[in-house]
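All remarks here apply to the structure that follows.
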Amino acid sequence: MTSQAFYEELQGVLKKYPVKQSAVLEALYILQRDKNYLSDEDIHTAAEALEMTVTEVQAIVGFYSLFRRQPTGKYLIQVCTDLPCALRGADAFYRRLCERLGLPPEGGTTADGLFTVEEVVCLAACDRAPVAQINLQYFEHLTDQAMDAVIARLREQG
Amino acid sequence: MDVTLTIDNREVTVPAGTLIVEAARRIGIEIPVFCYHPKMLPVGMCRMCLVTVGLPVVNRETGRPEVDAAGQRVIRWLPKPVTACTEPVSEGMVVITDSAQVAADRKGILEFLLTSHPLDCPICDKGGECPLQDLTYRHSPGVSRFDIASKYHAAKAYPLGDLIVLDRERCILCARCTRFQQEIADDPVLAIENRGRDAMIVSYSEPAFNSHYSGNTTDICPVGALTTRDFRFHARPWELEHTASVCNHCGVGCNIVLDTRLGRIVRVMPRQNELVNEVWICDKGRFAHHFHASSQRLTVPLMRQGGRMVEVSWDEALQHVATRLRAICEQHGAEAIGGIAGARLPNEDLYLFQKLLRQVIGTPNVDYRVGLSAGFEDDIVAEVGVACGTDLGRVGCGTAILVLGSDLDEEAPILYLRVAGAARHGATLINAGGRATKLDQRATHVLRYRYGSATHLVLGLLHVVLHETNEQGRALTGNEIVPGRVRGLAELRAHVSEWTPERVATISGVPAEAIRAAAHAFAAAQNGIIIYGGEAGNHPALRRAIANLAIVTGFVGRPNNGVIAVLAHANSRGAEDLGIVPHRLPGYAPAERHGLNATEMVQGGVRALLVAGADPFAISARQVNLEFLVVQELFMSATAQQADVVLPAVAPGERSGSYTNLERRVQYFHPALLPPGMARPDWSILRHLAVLLGAGGWDYATPAAVFEEMARTIPLYANMSYERLTQPVEISRHMAHYIYAGMSYQSEAYEGLQWPTLAEQAMHTFVLEWQAPPPDPPTRGVVLVAPRVLYDGGTLLGQTQLLASHVVTSHVAVSPQDAAVWGLADGQRVRVAVCAREIALPCRVNPALPTGVIAIPRNLANNVAEMLLGEGQLFSPAGLIVEKQQGS
Amino acid sequence: MQSLPGCVSKGDMAYLTEHILLRHRDVPGIKTIDVYMAHGGYQALDKALNTLQPAQVTEMVKASGLRGRGGASFPTGLKWSFIPKDAPTTYVVVNADESEPGTFKDREIIEGNPHQLLEGTALCAYAIGACVAYIYGRGEFRTLFVDLQRAIDEAYQAGWLGQNIRGSNFSLDIHLHLGAGAYICGEETALLESLEGKLGMPRARPPFPTQYGLYGKPTVVNNVETLANVPPIVLHGPEWYRQFGTEQSPGVKIFCLSGCINRPGNYELSLGIPLRVLIEECGGGAPEGRAIKAILPSGASSHLLPGYNPELPLDYESLQAAGAPLGSASFIVLDETVDIPWAIAKVTHFFKHESCGKCTPCREGTYWLEDVYRRLLNGRAWPGDVELLLSIAEQMNGNCFCALGEFALCPVRSSIEHLRAEYEAHVPQGSR
Ligand SMILES: Cc1cc2nc3c(=O)[nH]c(=O)nc-3n(C[C@H](O)[C@H](O)[C@H](O)COP(=O)(O)O)c2cc1C
Ligand code: SF4
Ligand code: FES
């Protein structure tokens, strides 16, 4: 994203708040959107735009788990294995998913860089377990077959 | 309002709002803390201070406390323990700190802290003065139930910056360091990254941990997590000797402790003086002590023989000096001799210096204004300086502070903390300057004037104060100005009538409304302080205008009112007081015979020159054209290299003496080290010289004897003595261990003594003299300014390797707008020329500068700025050529 | 009375005839403003603007007995009444952080019936004199919030938000704000910090948000479900609302049912109905007719309710008396096949993962608890580990900075108290 596009989009966000700093999460989301992670340059951009120090912005990035400092696969698959989901087979579902993608049981990124798989805590969709978010979009009532279908579709999209 | 409560069955009465932890300490009950620090807002994070609290049950109808059958107050116990560090006391509160429950809670918290602590006390710098260690001995379980194999592991030596190292395993996440940087230092460059047990302290500023105050975090860190590169692994705390001293790097005069081991300084710590530095020091004060132990120190007298410097005995050297001086005096008269002393010398030495020249040799040529001191002096503080009893640490709402032409964060760092702190506590802060400075963020009013128009700006303020009324229609002049005590008010009012904000606006570039608002806000306060520095210029009319403003607003003669001049050196104030200027004698008595000033002396006005602790020939452009030059020095300075005789002097840590700080506070310092080789204190050298020149009565055996004479002969210093300067004060002794978490000893605390200003005398009459301002500065063209910076590359600082990378290298700072116009980018070379002098330096684009202003910060190692501007000029008139150097 | 929605006589009926909160289940398309308005939408706001003083709205909410549905169950009208009357600036902040494991009710309201939330928010703003409200959603709700923003836009267009709403002198802007993955930001003061762009670490209380809230201004923080209750209360009156539920726990509540249950989901019921209705009639019991071993009635932070008492009335007081407060009413069912230490290890991991690190007992205690659970489940337990768990919990108890730390120890302590044998079974033979 160009810095001009960023500033333009940020202007809309800043209007919501009486203080600039309130927009920091949204600014980081914007910067992270295209590539699934935040580069050093992004942190600087955010700091400058919001009149914060780089250290303060970095602290924010470190505190909130949806921000990443490392690239992930193009599709970030986050499977909930928290208690309510686990009671409905999420642990095993997760392990099988990793296996089918050729990943170690704890998850990771596929060799083609397309998928990163990781376990997360509750996603507020326990009634539709097993659930996953792929780039923050919900996929619910998952079965192995359903998941395979989703993955196949994403592979096709590339 | 006072509140009475009971702590462990003992009653204590404290002011309302006091925290339980402080109330307990009043009666000697120590509630253990980690995150709490009395200088910062309480956060209640570590939970070490949990106590049981009960509140009296109050009868709804009568409003009285309920009593039971036995006549005891009925107490409702709070269901959960309370953090004593966050809870203010209340009437009738009952606090229990000595129960089994409280002991269990403390034990629990300590056990938690230790589960992820490495327990590497034997190799830890904090070992022996570590609150965690101490409290563990006192309150902890003694055995660990945590699986050692699951210990949290993290970096043991994580550099937070090049000065401070973090041991992440030892950190207990009390956030004292991050809060200090945020709340007190105004440099939020430390933060907590990640969550939960993965949380850690980080710094990502560039350079990392970019702050002048970083060392303080190591003092307040309650474990061995933060250490300075300087002290790390250099000594165990119990091997240290401690000497109360005063920092000699700027005019603030921070109280410090020199911690020595085997005759060397291994650590400098702050010493509490609530009136000066509270419990802080800046990094220069902390780290720039290495000059003491430098191998470059002069240790033997040197004499020029056949073009070479050879080592000689003191006798030989001093005899030679005496002989030559006498000869020159006889041949050309005493006025052929002059003396320049540095404002770093203690009072005793300065006093003898001028006495030697004036009384023994008989010459009026005395000055201190060279180097950083050139071009900025003060002569109004003696009348309208901040009155005795002023405590910047306690001002807030109701006080207005006007800072004029000074970048405090660079020039007087701890004064920055105090002024910013006052603003934090509600003071009105007007920051007036030619460029953006760090203080702007705390300011309620920012006035950005055109360089050269500070006087006009003050006249504009005076105009508003003298010609306008407030919303209630009342005059803005202070109630304090008793007509009988002020002369010239009507005349002054008439003079300033033409200096309307509108007119001043066109000259200074400050909007008229901003001038008006600032003047109203300033005058509306109950107390007012004006702090002015060199970037306002040094025109006598400016000083007069400042004094007039202080007087007509009534901000004189009372504590927390008056003027502070941000002079450059540790004892610049002393130099002014003691008449180290050619036109004044000690105690501000006018000299009958005006002598030559430093520039005149150096430019051939004298044949023989005595230099003590100054480097007047540092600017390489300057030719030495003297028959005889004597230099008392620590190092082979540029001036010493040209000298006929070089006399090795001792450094501050090696002697005792006194300095007078910016607020006129005279402070004594003890000797901590032995001098190297044959070096002698300056006062002693001067004394010997005087005796050899035939002076009588120069039998001072110690600096105390000199000081005693000063107190006897100079009214300002009347009633002062070393004994009174070192009167122990009731500091929060019992708080020491959490004020400086890392201090195993009780440091001595003195307040020193302030000399009273004329304004404080009941009978003093203020004369509102009018002086016309300098010509209006040009509104076009480029101005070159030479701001003072903390890390200025001076000789003493240069001896501290650790700070080498912090020294501001010579560059030309340019505003982004100008850079665009001139096609300049960071690092490209830029040519600057003023009146036939020119220089090419790398450029740095700096958004703090307004357009039309370029800055070459003062770097004392090469004095580029002085060379360009001429010494003593803090900014150029216009007529400057700036351009991108071809081929860069 | 008969024409009012959900009107049933007390005690007769477990189910409501109509949903009051989850109205999208009865009225398809109510997420659009047209349908919402066609079914009485925004009439409560209209009524308030035309006929009620702000204080009267607060009084109605007070009289209804509505309590906060975010977990702490604080009386909502009382909270609103704490806002200083003369405060020049106040805020409403809607807590849509919904991150408690086992909780997914706010999500359904936002997805299905967003205008009712917006109307409730507007009523709250009107009552406390706020002209700006923020809805703070967990970061994972990004896609959901796209639709919610659409609803907001509709409300602006229809004149129910914005300047001088419907010609009154009441103006309101509602802004959406997304968090970024931190459970602690559901805690109201941490939420406010986060909204201010800081680390989501809780603030010391007092001062409470109603005094010193967002940007230091008096602020009401309410849960999504709480506010969704407000329009029907204002429209039909507190007496109507009090027909539902019990004397002390009036009204309706959405119960989130998850875990070992045939039909997991949200069920909107009158407070006080027996547990049997929720588990059996709504949820269809545990899979394959298995027995229920225990229930966590308020998500991960529950006290464990051992066994299954079908007649237990589901209201605040009865659950409190049973030792497991109702909280957000997120019922996680554990059937006989579930290994309790395994389940509690899961929630302990959750709290360790989400501890913000501000205070010692929570930061270190959750880390330590998880470590002990790990070795318990690995078959490497030390003798005395069960006692150790209790002791760690005791050292956290009452000593943490905010409730998260206290939450973490509830399932640990209560599960050991009730089902200790399951723990002992993990301690190797001979070392007991
Ligand atoms: C750790 C923690 C997490 C919380 N999470 C939520 C949450 O996700 N949603 C919510 O509405 N309240 C949550 N709460 C409760 C809020 O602090 C607060 O009580 C609530 O938002 C008040 O709204 P109410 O009165 O409408 O319930 C949480 C509290 C704690 C201590
Ligand atoms: S502020 Fe000045 S006196 Fe204080 S420590 Fe720093 S240099 Fe020394
Ligand atoms: S919580 Fe009181 S000292 Fe840390």
Side-chain angles (χ1 to χ4, degrees), chain A residues 12-29 32-33 46 50-52 56-57 59-68 78 80-91 119-129 131-138 140-141, chain C residues 98-108 132 134 138-144 173 175-183 185 194-201 215 256-261 263-266 296 299-300 330 332-335 338 342-344 346-347 349-350 353-354 356-357:
Chain A
V13 179
L14 287 172
K15 281 198 211 109
K16 299 197 285 190
Y17 310 103
V19 305
K20 273 192 168 178
Q21 193 169 335
S22 279
V24 65
L25 297 183
E26 203 52 42
L28 292 168
Y29 275 126
Q32 178 171 275
R33 192 167 51 205
L50 300 165
E51 292 169 24
M52 296 167 70
E56 288 170 310
V57 174
I60 296 277
V61 171
F63 187 88
Y64 294 97
S65 61
L66 289 182
F67 297 125
R68 310 186 154 255
Q78 296 175 301
C80 172
T81 56
D82 217 334
L83 179 63
C85 281
L87 289 168
R88 306 184 72 77
D91 284 336
E119 287 179 80
V120 293
V121 293
C122 184
L123 291 172
C126 326
D127 52 336
R128 311 172 200 187
V131 287
Q133 280 200 314
I134 304 179
N135 294 357
L136 289 192
Q137 199 185 325
Y138 277 101
E140 297 159 346
H141 298 298
Chain C
E98 189 153 71
S99 305
E100 178 76 45
T103 310
F104 38 83
K105 61 193 178 64
D106 301 338
R107 182 184 164 192
E108 185 172 343
V132 179
Y134 294 95
R138 57 180 300 179
E140 292 84 350
F141 282 176
R142 175 164 291 278
T143 48
L144 233 71
D173 286 317
H175 300 300
L176 297 184
H177 182 102
L178 283 169
Y183 167 71
C185 292
S194 177
L195 194 45
E196 291 181 9
K198 303 179 188 150
L199 299 185
M201 289 190 173
Y215 308 119
C256 308
L257 192 55
S258 69
C260 306
I261 194 84
R263 289 192 295 272
N266 286 318
L296 296 168
S330 319
I332 306 175
V333 181
L334 309 173
D335 73 19
V338 175
W342 168 85
I344 307 302
K346 276 271 184 198
V347 299
H349 167 75
F350 173 81
H353 187 262
E354 298 299 334
C356 78

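So you know, we letter chains A, B, ... as the sequences are listed, proteins then strands, and number each from 1.
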Handout entry: Charged tip of C:Arg107 within 45° of A:Tyr138 ring normal and under 6.0 Å
Key = yes
Problem - When A:Leu28, A:Val120, A:Asp91 are compared by non-hydrogen pairs under 4.5 Å with chain C, the top option - result: A:Asp91
Handout entry: Check: C:Tyr183 side chain, A:Cys122 main-chain N or O, donor-acceptor pair, under 3.5 Å
Key = no
Practice task
Starting at SG of C:Cys185, measure out to CG of A:Leu25 and round the result to the nearest 0.5 Å.
Solution key: 8.0 Å
Problem - Interface moiety of A:Leu123 toward chain C, non-hydrogen atoms closer than 4.5 Å - result: both
Problem - Option in A:Ala129, A:Ala86, A:Cys85 with maximal non-hydrogen atom pairs under 4.5 Å from chain C - result: A:Ala86
Practice task
Give, as side chain, backbone, both or neither, the part of C:Lys105 having an atom under 4.5 angstrom from any heavy atom of chain A.
Solution key: neither
Handout entry: Options C:Ile344, C:Leu144, C:Thr143, ranked by heavy-atom pairs under 4.5 Å with chain A, top entry
Key = C:Thr143
Problem - Most contacts with chain A, counted as non-hydrogen pairs under 4.5 angstrom, among C:Gly181, C:Ala180, C:Ala343 - result: C:Ala180
Handout entry: Largest heavy-atom contact set with chain A, pairs under 4.5 Å, which of C:Leu195, C:Asp335, C:Asn266, C:Val333
Key = C:Leu195
Fill in the blank from the handout: dist C:Ile261:CD1 -> A:Leu87:CG (nearest 0.5 Å) comes out at 11.0 Å
Completion exercise
Between the NZ atom in A:Lys16 and the CG atom in C:Asp173, the distance rounded to the nearest 0.5 Å is 11.5 Å
Fill in the blank from the handout: Value for OG1 (A:Thr81) from CZ (C:Phe350), rounded to nearest 0.5 Å, stands at 11.5 Å
Completion exercise
Cut-off 4.5 Å, heavy atoms of chain A, and the answer for C:Leu178 is both
Handout entry: Point-to-point distance, once rounded to the nearest 0.5 Å, from NE2 of C:His177 to OH of A:Tyr17
Key = 4.5 Å
Fill in the blank from the handout: With chain A, the option among C:Gly179, C:Gly200, C:Ser99, C:Ser194 that has the most non-hydrogen atom pairs under 4.5 Å is C:Gly200
Problem - Part of C:Arg138 lying under 4.5 Å from any heavy atom of chain A - result: side chain
Exercise for the section: Considering non-hydrogen atoms only, spot the tightest contact between C:Phe104 and A:Ala125 and give its length. Expected result: CB-N, 4.2 Å
Practice task
Identify which of C:His175, C:Glu354, C:His353 forms the greatest number of heavy-atom pairs closer than 4.5 Å to chain A.
Solution key: C:His175
Exercise for the section: Return the option, out of A:Gln137, A:Gln78, A:Gln133, A:Met52, with the maximum number of heavy-atom pairs under 4.5 Å with chain C. Expected result: A:Gln133
Fill in the blank from the handout: dist A:Gln21:CD -> C:Glu196:CD (nearest 0.5 Å) comes out at 8.5 Å
Completion exercise
salt bridge (Lys or Arg N to Asp or Glu O under 4.0 Å) filter on C:Glu108, not counting sequence neighbours, yields C:Arg25
Completion exercise
Note: A:Asp82 and C:Pro101 closest approach over all heavy atoms is OD2-CG, 3.5 Å
Completion exercise
Looking only at A:Leu83, A:Leu136, A:Leu50, the option with the highest number of non-hydrogen pairs under 4.5 Å against chain C is A:Leu83
Problem - Between C:Tyr134 and A:Ser22: side-chain donor-acceptor atoms closer than 3.5 Å - result: no
